[in-house]
Enquirer: 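My questions all concern the structure below.
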Number of protein chains: 2
Amino acid sequence: MAPCPPHQDTRSRLIESAILHFAAKGYDGTGIREIAKGANANSALVTYHFCGKEGLFLEALKAVFSRKTSPLAGLQPPLPAGAPGARQAALEGLRAYLRAFITELMFCDARDPVDEAAMVLMAREMQSPSEASAPVLMAHVEPYVTYLMACLFLLRPDLDEEALFLMGTSIQGQVLHFRNSLGIIRLLRGNPAFPEDLEKLIQHFIDFSLRGLGVPEAFPQPRN
Amino acid sequence: MAPCPPHQDTRSRLIESAILHFAAKGYDGTGIREIAKGANANSALVTYHFCGKEGLFLEALKAVFSRKTSPLAGLQPPLPAGAPGARQAALEGLRAYLRAFITELMFCDARDPVDEAAMVLMAREMQSPSEASAPVLMAHVEPYVTYLMACLFLLRPDLDEEALFLMGTSIQGQVLHFRNSLGIIRLLRGNPAFPEDLEKLIQHFIDFSLRGLGVPEAFPQPRN
DNA sequence: GACTGTTTCAAACGATCGATTAACACTTGA
DNA sequence: TCAAGTGTTAATCGATCGTTTGAAACAGTC
């Protein structure tokens with residue numbers, strides 16, 4: 001049982017190659033020799049540095065999740081319920097939240113294949129998390145849920161908790177489904193680079209969500 | 001090159017076991033001996049009946065998609081664009097579509113673990129379709145997309161094709177995400193039988209979708 | 001009962017899997 | 001200078017992979 005100490009050069013090269021290969025062919029579909037070859041390293045180093053294939057996979061996952069700083073960091077926390085301007089702040093907060101959420105999910109440097117692969121890997125883990133990766137995943141997702149629900153409560157104080165939860169599920173769901181089903185969506189559109197205009201995509205999700213939530217400001221033309 | 005003729009008994013037993021195992025551990029994570037054992041059959045029969053593991057996987061996928069009669073069967077096709085009452089018909093069509101879609105998705109799991117596994121398998125393929133499975137997947141999804149898009153076009157003729165496609169993606173996405181993430185959602189709510197009131201759920205998805213789409217009838221209270 | 005074709009089986013095949021080993025190069029501190 | 005420790009390597013391990021094989025079991029036909 002080696003303590004898996006670091007030698008950053010080959011370690012990080014192995015992790016990078018692992019992200020690429022695990023994203024392309026999945027955990028079981030990828031062999032450690034393949035990964036090692038992609039890193040110009042010997043396959044025995046996987047066991048030496050990471051205590052085995054699964055250890056390397058977890059390190060790759062951690063690297064993926066810590067690749068970007070959380071986009072929630074720049075967001076104002078919602079004002080308390082009674083405060084003046086709380087509703088307007090929550091409205092802007094929800095808009096900013098969706099923008100940050102979508103940007104993090106969708107935006108990746110097309111010129112950086114590792115970034116692209118990291119997104120694929122993350123999407124796969126979010127859909128069917130392995131037992132080992134669940135904690136890492138939940139810790140990453142939890143602040144999003146909390147922030148979203150706080151905004152929803154301020155925007156629709158007339159709804160009960162279950163109704164608000166369904167609202168949140170629908171808002172998150174449309175975005176996550178889009179991300180998780182990009183494969184077939186691109187097939188349906190016959191465009192392998194489909195979401196070409198990220199801003200248009202963000203605007204759609206914001207408008208659809210605010211209308212679905214029942215926020216009057218977002219509705220196009222109030223019936224006379 | 002065997003012509004792969006049928007002997008329905010073992011064939012279907014193998015397919016059923018394949019659905020369960022492929023859903024649980026993925027294509028690469030599942031061995032044919034494992035599948036064969038689950039079907040009380042010999043692993044050589046996989047090659048004999050399906051020309052190999054990949055053939056069995058494709059047959060399993062086909063079986064998944066043809067497992068139920070399409071919920072679209074009972075729906076009226078939307079009227080042509082110019083026809084009188086076409087918009088109202090499309091509105092009702094969309095409501096009926098969502099009701100049928102949700103009902104089918106929500107009722108499939110508890111009774112039959114194979115049905116549950118089929119959903120997992122389908123979701124995985126939708127996320128990252130293998131080259132071989134893409135045609136099967138597309139053929140199954142296409143009528144849903146067509147019907148939904150026809151309704152959306154009648155309800156929002158002012159939008160261009162891409163905007164309508166995003167609307168459809170959001171509408172389908174919230175429902176599919178809810179279904180595919182039921183496990184996590186039930187954990188979040190601390191209620192293992194969460195969607196206890198199916199009618200309430202259906203009503204939420206219909207209302208959220210129609211508002212998100214921008215249909216005035218669904219909006220609660222126009223601002224004065 | 002012999003012939004034909006289909007279905008099933010146990011056994012084995014070569015390939016590849018993740019993991020281990022022993023040797024080697026190199027640095028470091030005593 | 002030497003012993004210890006670290007990083008890397010090729011070679012090899014047993015296990016398991018998907019597939020192939022040859023024969024047994026079964027059905028139907030003459």
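Each chain gets a letter, A, B and so on, in the order its sequence line appears, and its residues count up from 1. Note: hydrogens, waters and symmetry copies are ignored here, and every other heavy atom, side chains too, is used. Computed from a predicted structure; not experimentally measured.
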Enquirer: Test ring-ring contact (aromatic ring centres under 6.0 Å, His included) on B:F205 and B:F101; report intermediate values, then the result.
Expert: CA-CA 11 Å; B:F205 279 131; B:F101 192 59; 9.8 Å; no

Enquirer: May I have the distance from B:D28 (atom CG) to C:dT16 (atom P), rounded to whole angstrom?
Expert: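 Roughly 15 Å, once rounded to whole Å.
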
Enquirer: Can you tell me how far P of C:dG5 sits from OH of B:Y48, to the nearest Å?
Expert: 13 Å

Enquirer: What integer distance in Å separates A:D9:CG from D:dT9:C1'?
Expert: 17 Å

Enquirer: Nearest-Å distance, NZ (A:K53) to P (C:dT16)?
Expert: 15 Å

Enquirer: Is it true that the NZ or CZ of B:K53 lies under 6.0 Å from the centre of B:Y27's six-membered ring and within 45 degrees of the ring axis?
Expert: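 Judged by the rule (NZ or CZ under 6.0 Å from the ring centre, within 45° of its axis), B:K53 counts as positioned above B:Y27.
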
Enquirer: In whole Å, I'd like the distance from the CZ atom of A:R13 to the C1' atom of D:dG7.
Expert: 12 Å

Enquirer: In terms of heavy-atom contacts, does CD of B:E54 have more than 12 from other residues, nucleotides or ligands at under 6.0 Å?
Expert: no

Enquirer: For A:L45 and C:dT20, what is the distance between atoms CG and P respectively, to the nearest whole Å?
Expert: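 Whole-Å distance recorded here is 14 Å.
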
Enquirer: In whole angstrom, give the distance that lies between atom NE2 of B:H49 and atom P of D:dT20.
Expert: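 B:H49 atom NE2 is separated from D:dT20 atom P by 15 Å.
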
Enquirer: Among residues 29-43 of chain A, which ones have heavy-atom contacts with DNA chain C below 4.0 Å?
Expert: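 Those residues whose heavy atoms fall under 4.0 Å from DNA chain C, taken from residues 29-43 of chain A in numerical order, are A:T30, A:G31, A:I32, A:R33.
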
Enquirer: Show every salt bridge (Lys or Arg N to Asp or Glu O under 4.0 Å) that has at least one partner inside residues 32-47 of chain A, sequence neighbours left out.
Expert: A:K25-A:E34

Enquirer: Please confirm whether the shortest side-chain N or O distance from A:T10 to OP1 or OP2 of D:dT8 is below 4.0 Å.
Expert: yes

Enquirer: Which value, rounded to the nearest 0.5 Å, describes the distance between A:I102 atom CD1 and A:I206 atom CD1?
Expert: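 The CD1 atom of A:I102 sits 6.0 Å away from the CD1 atom of A:I206.
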
Enquirer: Should the ring pair B:Y144 and B:H140 be called parallel, tilted or perpendicular, given that the plane angle runs from 0 to 90° and is split at 30 and 60?
Expert: tilted

